[in-house]
Amino acid sequence: MNSMMAMATDNRAVPLTDGPATSSPLLGVEDLGIAFGATKVVEGLRFSVDPGRTLAIVGESGSGKSITSLAVMGLLGSSASVSGRALFRRRDGEVVDLLRLSPGRSRALRGDEIAMVFQEPMTALNPVLRIGDQLVEVLRNHGRPTRGAARARALEMLRTVGIPDPESRLHAYPHELSGGMRQRVMIAMALMLEPGLLIADEPTTALDVTIQAQILLLLRRLQKSLGMALVFITHDLGIVGQIADDVAVMYSGRVVEAGPARAVLATPNHPYTRGLLGSAPQVDASGTPLPLKPIPGIVPSPVFPPAGCRFHPRCGEAKAGLCDRTEPVLEPTGSARGVSCLRWKEIAS
Amino acid sequence: MRRVLDPVLQIVPTVLVVSLIAFLLTSLLPGDAALSRLGLDATQEQLDTMREQMGLNDPVPVRYLYWLGRAVTGDLGNSLRSGEPVAEVLARRIPVTLELAVFGTGLALLIGVPLGILAAVRRDSWIDVATNLFALSGMAIPFFWLGLLLIMFFSLHLQWLPPSGYVPFFENPVRNLHLMALPSLTIAVAFAATLMRQTRASMLEVLNADYIRTAHAKGTPPIRVILHHALRNALIPIITVLGLQMGTLLGGAIVTETVFGLPGLGRMMVDGIYKRDFPIVQGALITIVVAIVVTNLLTDLCYRFVNPRIR
Ligand SMILES: Nc1ncnc2c1ncn2[C@@H]1O[C@H](COP(=O)(O)OP(=O)(O)O)[C@@H](O)[C@H]1O
Ligand SMILES: [Mg+2]
């Protein structure tokens, strides 16, 4: 409640959800900065996730999505310096800043209240340990389950994520499973203790298309049935409509557009969001695929970021003398939306 | 069962080839066994008779087959010097070298693996620098020199440990351990250095792996991440190095036994060469090679055990 009010009065702040105003966010990231040495890779990043809702973070490769999620998890190595706040509301109601937790307290939250699924199912599981042991370990890290209870829970989770013949899978090694099955195991492992927040970093990118759809459906179903909050990271704006309530579009370490997913997808305000929509596979009303229009150029290196708006060198709407001089901030555009573009009003009209 | 049987069968040709080489090496070595048996004042007639008796006049392939046929039944011939069966000499010598090898390997593992883990986890810290220095000097220092240094320091200077001699373990365990301490340390140092560097390298690689991040992501205590998740994977290349180093270890044992006056296989071989006692040399050589082959086999089985992907 308080943070919502604070965000609404701060002109840089944008509440990213249109949920009931009484619910305070489960996770509120404010002014997050991540730097490796002198290179600022993420700056002034802001987003929030409400309990039981799905936020998609979208952006091209290299825009800082993975390191943002690792920072929230407390998994960034000591080579990174992190600033800002990431306020997380625990089960017992206590609000903690994830960026300032002691290593011990951070560890106690990981796997219990916040869990993560990674992009590469082929390498994310330990190749020399049995699936069952890797699942049960989550319980051991956060309590003292009996052997029988731990096994039962592991079996239950394997069933929940749709793994056939779960009894024998408990004794299997990762290499005996396909990529899709391994990603299901990763999801089962993440959900062993029913965390309030699951961060999934491109969980379907490494899988082939039919499996992608299955995993997406599974995540959606589990998110609904467990009532957990989901941060779904992807480079594919085309997926966002299928899974997310809210969306935050990231470019070069900043949020450039945010708001309810349906609204943002229907009327994107930022030229980058429009570009992403054009480069995602789309179909017209009759179901025929529209031609892809990739955004020209690449994400700038954080070592030599362009002056002014970071997107201006690739932007069809950029105005010389303005966009290459002044850096835009995320400003509210009404109905829980925000955009970080100097010309969004002109473009919209 | 095949998993175990196949590698076992594979060592048969290796042992055969090595036995042939061992046989040829010793039978082609310069020096006349009959002469060295009878001494310099033997007459030509006596020498001829002795050569005939010892089968030295038969063609080499025939001699090899005879020798091999007896060898597989445990009859490795008799010492040309004492007439004692080689098998009996071996039975006395093998326990000494075995003890040295086991203690040396154990010490090397106890020193090398923890230091390697520490160096990897505290990469670029003073611990890393210090252990690297230890590894470099440990690998550079020759066995005999290290042995002499240890004797000078621990035996002559501190007078803590005896400089040489041997008492069987079951006769007097305490005395045995006292006597074996310095020789074991001597062969352990270079081995520990190699193990340390391999452990450090493979730990560094493994600690960067995705599954380590996963282990942290599920709230695994850091110690457990290192010892359970990382080390289990890092062990795979460490075990390979362990197997490959067995030859070096036994080579070190030969020198070390000489420095510390231990009556083991190495000394047996060296003495045999000096005395042109070919059956003795052959017996020792074959035993050492079989030991290397068998440890490689054990390494292979261990490797299969820790690496589920090739089971
Ligand atoms: N350990 C690191 N040291 C220096 N730069 C890094 C490191 N990790 C990531 N980066 C940089 O951070 C930027 C964002 O990376 P990442 O979060 O992986 O992007 P995304 O997940 O959106 O593809 C990239 O430019 C990358 O080069
Ligand atoms: Mg990424």
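Everything numeric here is computed off the predicted structure, so don't read it as measured data. Numbers restart at 1 for each chain; the letters A, B, ... are given by sequence-line order, proteins then strands.
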Could you name each residue pair satisfying side-chain hydrogen bond (donor to acceptor under 3.5 Å, both in side chains) that touches residues 117-132 of chain B, not counting sequence neighbours? B:D128-B:R200, B:N132-B:R197
Name the region of A:M192, side chain, backbone, both or neither, that has any atom closer than 4.5 Å to a heavy atom of chain B. neither
Considering only heavy atoms, which portion of A:N126 lies under 4.5 Å from any heavy atom of chain B: side chain, backbone, both, or neither? both
Given that the side chain runs from C-beta out, which part of A:L70 has a heavy atom under 4.5 Å from chain B: side chain, backbone, both or neither? side chain
Is it the case that over 12 heavy atoms from other parts of the model lie below 6.0 angstrom from the NE2 atom of B:H228? yes
Under 6.0 Å from the CZ atom of A:R91, do we count more than 12 heavy atoms belonging to anything else shown? yes
Give every residue pair that meets the side-chain hydrogen bond (donor to acceptor under 3.5 Å, both in side chains) criterion with at least one member in residues 212-221 of chain B, sequence neighbours excluded. A:E137-B:K218, A:N141-B:T220
Check each atom of A:Q134 against the heavy atoms of chain B and say whether the ones under 4.5 Å are side chain, backbone, both or neither. both
Could you list the donor-acceptor pairs under 3.5 angstrom formed between side-chain atoms of residues 94-101 of chain B and any protein atom two or more places apart in sequence or on another chain?
unit_1	atom_1	unit_2	atom_2	d
B:T97	OG1	B:E257	OE2	2.7
B:T97	OG1	B:L265	N	2.7
B:E99	OE1	B:N176	ND2	3.2
B:E99	OE2	B:N176	ND2	3.4

Taking all non-hydrogen atoms of both residues, which atom of B:P308 and which atom of A:P127 are closest, and how far apart? CG-O, 3.3 Å
In terms of heavy-atom pairs under 4.5 Å, which option from A:R140, A:M189, A:M116 contacts chain B the most? A:M189
Please flag which part of B:A209 lies under 4.5 Å from any non-hydrogen atom of chain A: side chain, backbone, both or neither. neither
A:L129 vs B:H229, side-chain contact (heavy atoms from CB on, under 4.5 Å): CA-CA, chis, key distance, verdict: CA-CA 8 Å; A:L129 303 178; B:H229 288 270; 3.7 Å; yes
Does anything in residues 234-247 of chain B reach chain A? List residues with heavy atoms under 4.5 Å apart, or say none. B:I236
Taking atom CZ of A:R153 as the centre, report whether more than 12 heavy atoms of other residues, nucleotides or ligands fall under 6.0 Å from it. yes
At their closest point, which heavy atom of B:P222 faces which heavy atom of A:R107, and how far apart are they? CD-CD, 3.9 Å
Neighbour count >12 (heavy atoms, 6.0 Å) for atom CD, A:E167: yes
